[in-house]
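Step one of this worksheet: look at the structure below.
Every chain is numbered from 1 and lettered A, B, ... according to where its sequence line falls, protein lines coming before strand lines.
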2 protein chains.
Amino acid sequence: MSDHPHNWPNSTDAILAALRARGISPTQQRVDIARALLSRPQHLSADQVLALVNADRNSVSKATVYNTLGLFAEHGLIRQVIVDPTRVFYDSNIAPHHHLYQIDDGSLSDISLNSVKLDGLPPLPKGTEIDGIDVIVRVRKTPS
Amino acid sequence: MSDHPHNWPNSTDAILAALRARGISPTQQRVDIARALLSRPQHLSADQVLALVNADRNSVSKATVYNTLGLFAEHGLIRQVIVDPTRVFYDSNIAPHHHLYQIDDGSLSDISLNSVKLDGLPPLPKGTEIDGIDVIVRVRKTPS
DNA sequence: TTGGGTGCAAACTATTTGCATTCGA
DNA sequence: TCGAATGCAAATAGTTTGCACCCAA
């Protein structure tokens with residue numbers, strides 16, 4: 001029942017399957033990018049993905065990384081996380097969950113839905129439907 | 001007990017008081033900017049504030065608007081709302097509340113805390129404290 | 001007088017876009 | 001082959017910064 005055909009696919013075959021399952025035709029660059037991001041639960045900015053993908057040889061351009069991440073997000077393969085006005089994070093975990101953001105070092109971690117209850121949301125405006133609900137707990141270092 | 005000395009101050013005196021209450025020395029531009037934003041509950045981007053403030057005569061520069069909004073937010077007079085990767089919104093309502101964001105037209109509205117319950121947040125990482133909790137309900141037009 | 005506040009323009013950063021080239025079914 | 005995907009560089013947009021000027025205490 002997972003939304004990921006295989007969670008944290010690592011093999012090329014699993015990546016190909018994950019892309020195809022979303023109707024994304026797999027090309028070399030897309031597979032490289034998917035592997036970098038999907039192989040484990042993580043939150044990466046476009047720049048971090050670019051660095052990862054090009055760690056060894058320069059195989060993917062910056063524009064392609066941005067465009068591809070956008071494409072993946074559109075197709076529900078990954079999820080955008082908007083917590084920092086200076087950059088978008090991409091989350092390889094598309095199961096519903098919330099986030100904890102450490103302001104000081106910009107790190108982002110998951111809060112599982114199990115524990116958290118969110119009740120009593122007001123009715124939505126007419127003619128609209130929910131696209132998503134984000135809960136972001138922002139924390140900072142306790143001043144010593 | 002309101003966090004605003006006077007909610008939605010409109011008179012120059014009330015604005016001066018609100019600024020002073022936060023330790024912000026009131027200058028002409030700061031008062032203009034505060035009046036534009038604080039006179040009612042609203043969510044404005046820096047650009048919108050700039051336009052409002054300079055509606056009649058050009059009295060404030062773009063840099064000053066950005067710097068001043070940042071200053072106000074630092075001092076807790078207003079609140080940043082991060083929902084859209086392309087721009088930061090500033091909220092004149094600093095009482096705790098949540099947000100409903102209409103993706104299609106970029107409009108933002110408040111969700112009062114009365115109705116919404118949020119329980120069971122996990123313990124925070126050691127040495128950190130909560131800076132804020134954002135709940136953002138993203139809605140889109142129902143496809144006809 | 002003197003340091004904070006402001007204005008302006010230039011700098012910066014993340015992201016998008018146009019277009020020619022290349023790739024893959 | 002032929003449309004889709006890519007790369008590159010230039011364009012864009014929001015925001016920040018450097019620095020000279022100005023004003024109030």
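- Contacts classified as salt bridge (Lys or Arg N to Asp or Glu O under 4.0 Å) and involving residues 100-126 of chain B (residues at least two apart or in different chains) are not found.
- Considering only residues two or more places apart in sequence or on other chains, A:H99 meets the ring-ring contact (aromatic ring centres under 6.0 Å, His included) condition with A:H43, A:H97.
- Residues satisfying the salt bridge (Lys or Arg N to Asp or Glu O under 4.0 Å) criterion with A:E74, sequence neighbours excluded, are absent altogether.
- Judged purely by atom type and a 3.5 angstrom limit, B:S39 uses its side chain to pair as donor or acceptor with the backbone of B:R35.
- The distance from atom CD1 of A:I82 to atom P of C:dA14 is 16 Å, rounded to the nearest whole Å.
- For A:L44 and C:dA14, the CG to C1' distance is 16 Å, given to the nearest whole Å.
- Contacts of A:T86 with the nucleic acid, taken as non-hydrogen atoms under 4.0 Å apart, involve only primed sugar atoms and P, OP1 or OP2.
- Judged purely by atom type and a 3.5 angstrom limit, B:T128 has no side-chain atom pairing as donor or acceptor with the backbone of B:L124.
- Atom-to-atom, CD of A:E74 to C1' of C:dT15 comes out at 15 Å; the value is rounded to the nearest Å.
- In the helix from C:dT1-D:dA25 to C:dA25-D:dT1, the rotation axis of the first five pairs and that of the last five pairs differ in direction by 20°, rounded to 10 degrees.
- Residue pairs meeting the salt bridge (Lys or Arg N to Asp or Glu O under 4.0 Å) criterion with at least one partner in residues 36-48 of chain B, sequence neighbours excluded, are absent.
- Nucleotide C:dT16 holds its P atom 14 Å from the CG atom of A:L50, rounded to whole Å.
- Side-chain N/O atoms of B:T64 include none lying less than 4.0 angstrom from OP1 or OP2 on C:dT6.
- C:dT15 atom C1' lies 13 Å from atom CG of B:D84, rounded to whole Å.
- Remark: the backbone N or O of A:L37 is paired with a side-chain donor or acceptor of A:Q42 at under 3.5 angstrom.
- Here ring pair (Phe, Tyr, Trp, His ring centres under 6.0 Å) pairs that include residues 48-79 of chain B, with residues two or more places apart or in two chains, number zero.
- At C:dT15, one or more side-chain N or O atoms of A:Y66 fall inside 4.0 Å of OP1 or OP2 (strictly under the cut-off).
- Counting 5' to 3', DNA chain D first comes under 4.0 angstrom of a heavy atom of chain B and last does so at the ends given by D:dG14 to D:dT17.
- Only B:S25, B:T27, B:Q29, B:R30, listed by number, bring a heavy atom of residues 24-33 of chain B to less than 4.0 angstrom from any atom of DNA chain C.
- Interatomic distance, A:L100 CG to B:L121 CG, rounded to the nearest 0.5 Å: 9.0 Å.
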Please list each protein N or O that sits under 3.5 Å from an N or O in nucleotides 18-22 of chain C, with the distance.
none

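- Sorted by first and then second residue, the ring pair (Phe, Tyr, Trp, His ring centres under 6.0 Å) pairs with a member in residues 105-144 of chain A form an empty list; sequence neighbours excluded.
- Screening residues 79-97 of chain B for salt bridge (Lys or Arg N to Asp or Glu O under 4.0 Å) gives B:R79-B:D134, B:D84-B:R87 as the qualifying pairs, with residues at least two apart or on separate chains.
- A donor-acceptor pair is defined here as one N or O able to donate and one able to accept, closer than 3.5 Å; such a pair exists between the side chain of B:R30 and the backbone of B:S25.
- For A:D131, the salt bridge (Lys or Arg N to Asp or Glu O under 4.0 Å) test picks out B:R140, with sequence neighbours left out.
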